[in-house]
There are 2 protein chains.
Amino acid sequence: MSKKERQQQLLSIIEGNPFVTDRELTRQLKVSIQTIRLDRMELGIPELRERMKQMAEHSYDQVRSLPVDEVVGDIVDLQLDRSGISIFEIREEHVFSRNGIARGHYVFGQANSLAVAVINDEIALTASADIRFVRMVRLGEKCIAKAQVRSLAGRNGKAEVDVFTYVGEELVFQGHFVVYRSAIEEYSEGGNRSADRH
Amino acid sequence: MSKKERQQQLLSIIEGNPFVTDRELTRQLKVSIQTIRLDRMELGIPELRERMKQMAEHSYDQVRSLPVDEVVGDIVDLQLDRSGISIFEIREEHVFSRNGIARGHYVFGQANSLAVAVINDEIALTASADIRFVRMVRLGEKCIAKAQVRSLAGRNGKAEVDVFTYVGEELVFQGHFVVYRSAIEEYSEGGNRSADRH
DNA sequence: TACATATTAGTACCTGGTTCTAATTGTTAA
DNA sequence: TTAACAATTAGAACCAGGTACTAATATGTA
């Protein structure tokens, strides 16, 4: 096996399992550990611990900016209990592969997540929604969702949020969301009953 | 500062920044490195490298399972243009981490995907929907969505589909979907205009 | 004061490396 | 054939960030 081939294999092994040590690589590639390390140098692959650290930091960054992970789309502006804006770009994984049109629940998900995020409460959950997909959204398009809180109805009640999603100037989606705020009492009954069964 | 207090602080420091070394902790807590390590032992907190490894493995698992959530739910029964049934189990990645309650758009996504799938057409897209989250769904629960086509209104028109989602006997979600069937002409105009811009 | 608990100190050892020098093996062009 | 060069291997010193263990020294407190 040539050097190029070996390095290509090394790359794909690490790609397939980033948690592999150099010692394990020597067993798989039948070369000395020094060769493995020279290869890693040449390919710019960091050591195992550095790889794990980078993965951990990456995932931590995502976790820390909770809204980013828990939400479909990036929230770029948020005035709690008032309004919010989120941006979401339609990628390969969001569309029907045969026609490149976004699956409805991603567009809905962006609006829903924003509607929930804009409500400033420990527990905020969608109770109901009335939605319209005004026009289909295609691969590569950038959806900008704008949420406006219409009514708050005190603590432990329902809040109403309107969300309009645009691609450029065009409206592609609109939704009226009713969101529960800290609605633990009326809500958890069913949830607990269900939890008892588990 | 008492031992309890210190350990409490240590916990919150590591919570706030899991990438802190014992050496850094000695500076923050003004005790010896041995005390830090005894505290970690007692609290069951693994060393920095182990913490990073766990985070990396966790995030890797999530990345690997990404393709799974492309389809929300498994369709187990399908009579085209008539009815369908889909099953979807709520896993870690579908819930809000802080309370274990499913994010609305997954429950919606299951119903939406089923409503679209049950319509036997080249292109079927959700046009609008009227939905209600009857009760929250928790981690581990299995959602069974049942779709019924209510009206078809000929080719190139709109179909109406009702979806009811249950956990066990309990209704957790209901939705009324209006789905376009091959509605290319009236629909693609906006889509193409937009596509031209890209 | 005696005893327990908490804290600190220090050493040996571990993994999974880096960095460096040096020797050995293969290959190829003059 | 041989000098030159790349590729590979070997080995030792060193590193971070620990664990595991022993032992000494506070600090209460009954």
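The analysis underlying the following values was restricted to heavy atoms, covering all of them including side chains, and did not include hydrogens, waters or symmetry mates. Below, read A as the first sequence line, B as the second, and so on, with proteins coming before strands; counting in each chain starts at 1.
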> Is a donor-acceptor pair below 3.5 Å formed from side chain A:Gln34 to base D:dG11, judging by atom type as modelled?
Replying inline: yes
> How would you list, by chain and number, every residue that makes a side-chain hydrogen bond (donor to acceptor under 3.5 Å, both in side chains) with B:Ser128, sequence neighbours excluded?
Replying inline: none
> Between B:His176 and B:Asp162, does any side-chain donor sit less than 3.5 Å from a side-chain acceptor?
Replying inline: yes
Over how many whole Å does the gap from [X] atom [atom1] to [N] atom [atom2] extend?
{"X": "A:Lys53", "N": "C:dG16", "atom1": "NZ", "atom2": "P", "answer": "18 Å"}
{"X": "B:Asp22", "N": "D:dA20", "atom1": "CG", "atom2": "P", "answer": "13 Å"}
{"X": "A:Glu47", "N": "C:dT19", "atom1": "CD", "atom2": "P", "answer": "9 Å"}
{"X": "B:Ile14", "N": "D:dG17", "atom1": "CD1", "atom2": "C1'", "answer": "13 Å"}
{"X": "B:Lys4", "N": "C:dT7", "atom1": "NZ", "atom2": "P", "answer": "12 Å"}
{"X": "B:Met52", "N": "C:dG16", "atom1": "CE", "atom2": "C1'", "answer": "12 Å"}
{"X": "B:Leu29", "N": "C:dT8", "atom1": "CG", "atom2": "P", "answer": "11 Å"}
{"X": "B:Leu10", "N": "C:dT7", "atom1": "CG", "atom2": "C1'", "answer": "15 Å"}

> Quick one: does B:Ile90's side chain get under 4.5 Å of B:Arg138's, heavy atoms only?
Replying inline: no
> Does B:Arg6 make a side-chain N or O approach to OP1 or OP2 of C:dT7 shorter than 4.0 Å?
Replying inline: yes
> Does B:Arg23 place a side-chain N or O at less than 4.0 Å from the phosphate oxygens OP1/OP2 of D:dG18?
Replying inline: no
>> Between A:His105 and B:Tyr106, is the ring centroid distance below 6.0 Å?
In response: no
Can you figure out which of [options] approaches the side chain of [X] most closely?
{"X": "B:Thr21", "options": "C:dG17, D:dG18, D:dT9", "answer": "D:dG18"}
{"X": "B:Arg49", "options": "D:dT19, D:dA16, C:dA9", "answer": "D:dA16"}
{"X": "A:Lys3", "options": "C:dA6, D:dT8, D:dT19", "answer": "D:dT8"}
{"X": "A:Val31", "options": "D:dT9, D:dA16, D:dT19", "answer": "D:dT9"}

>> Between the side chains of B:Arg135 and B:Glu170, is the shortest nitrogen-to-carboxylate-oxygen separation below 4.0 Å, so that they form an ion pair?
In response: yes
> Looking at residues at least two apart in the chain, or sitting in another chain, which of them share a salt bridge (charged side-chain N to carboxylate O under 4.0 Å, His left out) with B:Arg6?
Replying inline: B:Asp39
> In residues 35-44 of chain A, what residues come within less than 4.0 Å of DNA chain D, judged by heavy atoms?
Replying inline: A:Thr35, A:Leu38
> Taking the inter-plane angle between the rings of B:Phe108 and B:Phe177 on a 0 to 90° scale, is it parallel (under 30°), tilted (30 to 60°) or perpendicular (over 60°)?
Replying inline: tilted
